[in-house]
4 protein chains.
Amino acid sequence: MSIDFSADKPIYQQLIDRITGEIIKGHVKPGDKLPSVREYAVEVGVNANTMQRVYKELETMGITETKRGQGTFVTEDSIRLEQLRDEVKKDLVQSFLTNIESLGFSKKEIIEHIQNGEWGEKG
Amino acid sequence: MSIDFSADKPIYQQLIDRITGEIIKGHVKPGDKLPSVREYAVEVGVNANTMQRVYKELETMGITETKRGQGTFVTEDSIRLEQLRDEVKKDLVQSFLTNIESLGFSKKEIIEHIQNGEWGEKG
Amino acid sequence: MSIDFSADKPIYQQLIDRITGEIIKGHVKPGDKLPSVREYAVEVGVNANTMQRVYKELETMGITETKRGQGTFVTEDSIRLEQLRDEVKKDLVQSFLTNIESLGFSKKEIIEHIQNGEWGEKG
Amino acid sequence: MSIDFSADKPIYQQLIDRITGEIIKGHVKPGDKLPSVREYAVEVGVNANTMQRVYKELETMGITETKRGQGTFVTEDSIRLEQLRDEVKKDLVQSFLTNIESLGFSKKEIIEHIQNGEWGEKG
DNA sequence: GTGGTCTAGACCACT
DNA sequence: GTGGTCTAGACCACA
């Protein structure tokens with residue numbers, strides 16, 4: 001939930017993932033207004049420049065739209081959001097499988113490990 | 001199988017993963033001698049210092065042992081190698097699940113995607 | 001206090017020992033920021049790569065944490081620092097005793113020599 | 001007792017320490033004949049060149065004497081052997097104290113640790 | 001020949 | 001500015 005400043009994953013990427021996650025989960029809906037850059041930066045304790053970059057990338061990805069003078073909003077293009085969801089899922093799985101392979105594990109073994117694991121929702 | 005010089009993952013990490021993978025797969029066995037630093041560096045087309053770093057890291061991980069003037073050998077401590085396998089698997093899955101969660105996907109949905117995907121054994 | 005460029009012990013190891021010592025002595029405290037790699041390198045007169053290696057090793061040992069773009073900090077995990085102190089002390093004494101033994105001295109004789117010696121507090 | 005091929009201390013140095021130790025302990029006496037280079041090399045499983053170096057350094061140190069055609073003998077100069085004992089002891093303690101200091105421990109604390117330790121002869 | 005250390009200098013991503 | 005990676009090339013100790 002919180003930002004890990006020592007992680008290998010860049011802070012801005014962690015923030016992109018978090019916001020993307022909120023949208024995927026439906027906690028944030030198409031047309032919703034995001035906090036201002038400064039507000040959000042203060043909230044999570046990062047530099048405003050970092051948050052600026054996050055918003056910029058989100059807009060580049062077509063996830064948000066900026067209305068001058070009004071702020072940043074989640075796009076109302078729900079088809080785009082569906083695309084986003086699929087893209088993200090595909091990338092996630094693809095890079096995971098690449099890792100599995102290069103490290104010498106079989107897909108079967110790993111899936112079993114995930115299913116038997118003691119994490120999260122038991123889904 | 002080969003090194004991606006433009007990937008986000010550093011070359012030396014790719015090499016560590018590769019060698020670790022070879023050991024996990026059993027292609028390289030306890031007590032086996034690895035190629036010399038310079039030899040291996042030439043083989044994969046990286047600088048000798050980069051390969052040196054890879055070997056050093058492997059030794060720190062307890063995977064290899066160096067006999068001065070003779071070369072670098074995979075440890076004969078097969079218990080350590082079993083540990084290694086488990087650690088690597090656990091880390092792999094753990095970080096994947098963290099990603100899934102922060103991006104708002106359910107474990108169930110992702111596993112289905114992996115199983116139905118067009119990768120790996122069906123690839 | 002200063003670096004011996006012609007010692008048998010590598011420069012980077014001397015630097016690790018020095019920083020570790022500063023922490024053990026309490027001159028550097030949990031959460032303190034270390035000088036930047038380049039800054040410190042200039043200060044002691046070594047190459048930046050050498051210092052980079054020192055910092056990397058310290059991080060691997062769990063003594064420091066790096067916040068990207070901000071610098072390197074002593075871990076705030078004071079339990080880890082206590083562990084460190086004990087580990088270092090144990091290793092120090094253990095390797096000394098191994099030496100004593102292989103060279104054929106008794107522990108008693110050596111301790112007497114240390115206590116009567118012209119070093120340290122009496123120096 | 002045995003040679004550690006993966007240790008940080010060079011094999012030849014380990015062997016010098018061992019032989020020196022045997023003399024200090026009195027297991028090997030002034031005038032005693034040492035095994036031939038080849039014999040000894042086979043016995044401990046090292047390269048003959050390595051053992052050659054060991055014998056050469058011992059002679060340089062004035063500990064042994066070579067009689068052509070007869071072999072290598074521990075010097076009968078018992079004053080030299082006493083000197084040797086003292087030199088070795090002094091070096092040992094000196095380097096230990098240097099380490100203690102650079103790592104931020106007090107002499108007192110370390111001696112207590114040695115005395116309370118669960119090693120060796122309890123001497 | 002083998003690993004290990006160090007330098008000099010370049011380039012990159014992140015904040 | 002901060003840490004991180006990589007190259008090229010030199011030099012060293014060890015077996």
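Numbers restart at 1 for each chain; the letters A, B, ... are given by sequence-line order, proteins then strands. Note that the structure is predicted; figures quoted are calculated from it, not measured.
- Helical stems in DNA chain E, defined as runs of 3 or more consecutive Watson-Crick or G-U wobble pairs with donor-acceptor distances under 3.5 Å: E:1-14 with F:1-14.
- Remark: C1' of dC6(E) and NZ of K56(B) are 13 Å apart, rounded to the nearest angstrom.
- Within the 4.0 angstrom heavy-atom criterion, only backbone atoms of the sugar-phosphate kind lie near E59(B); the bases stay farther away.
- Residues S6(C) and D4(C) have side chains that bring a donor and an acceptor to within less than 3.5 angstrom of each other.
- The stretch residues 27-37 of chain C has no heavy atom under 4.0 angstrom from DNA chain E at all.
- Identified under the side-chain hydrogen bond (donor to acceptor under 3.5 Å, both in side chains) test for residues 26-46 of chain C, with sequence neighbours left out: E22(C)-H27(C).
- Distance D8(B) CG to dG4(F) P: 17 Å, rounded to the nearest Å.
- Although no hydrogens or angles enter the test, the distance criterion places no donor-acceptor pair under 3.5 Å between the side chain of R68(C) and the main chain of D8(A).
- Looking at residues two or more places apart in sequence or on another chain, you find no salt bridge (Lys or Arg N to Asp or Glu O under 4.0 Å) involving K56(C).
- One side chain, T66(A) or E59(A), offers a donor N or O that lies under 3.5 Å from an acceptor on the other.
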Q: Take nucleotides 8-15 of chain E nucleotide by nucleotide from the 5' end and write B, S or -, depending on whether a protein heavy atom sits under 4.0 Å from the base, only from the sugar-phosphate, or from neither.
A: BB----BS
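- To the nearest 0.5 Å, atom CG of residue L103(A) and atom OG1 of residue T20(B) are 7.0 Å apart.
- Residue Q52(C) has a polar side-chain atom (N or O) positioned under 4.0 Å from OP1 or OP2 of dG4(F).
- Put simply, CD on E57(C) is 13 Å from P on dG4(F), counting in whole angstrom units.
- Computed from coordinates, the E65(B) CD to dG3(E) P distance equals 14 Å when rounded to whole Å.
- What separates CZ of F73(B) from P of dA15(F) is a distance of 13 Å, to the nearest Å.
- Residue-environment remark: CD (E101(D)) stays at or below the threshold of 12 foreign heavy atoms within 6.0 Å.
- For the atom pair CG (L81(C)) and CD (E76(C)), the distance works out to 10.0 Å, reported to the nearest 0.5 Å.
- Side-chain contact between Y55(C) and T64(C) is absent, with no heavy atoms from C-beta onward closer than 4.5 Å.
- Listed by chain and number, the residues in a salt bridge (Lys or Arg N to Asp or Glu O under 4.0 Å) with E57(A) are R53(A) (sequence neighbours excluded).
- In terms of position on DNA chain F, the residue among F5(B) and Y55(C) whose nearest nucleotide sits closer to the 5' end is Y55(C).
- Atom C1' of nucleotide dC6(E) and atom CG of L15(C) are separated by 12 Å, given to the nearest angstrom.
- Of the residues near DNA chain E, G45(C) and T72(B), the one whose nearest nucleotide (by heavy atom distance) lies more toward the 5' end is T72(B).
- Rounding to the nearest 0.5 Å places NZ of K9(A) at 12.5 Å from CD1 of I11(A).
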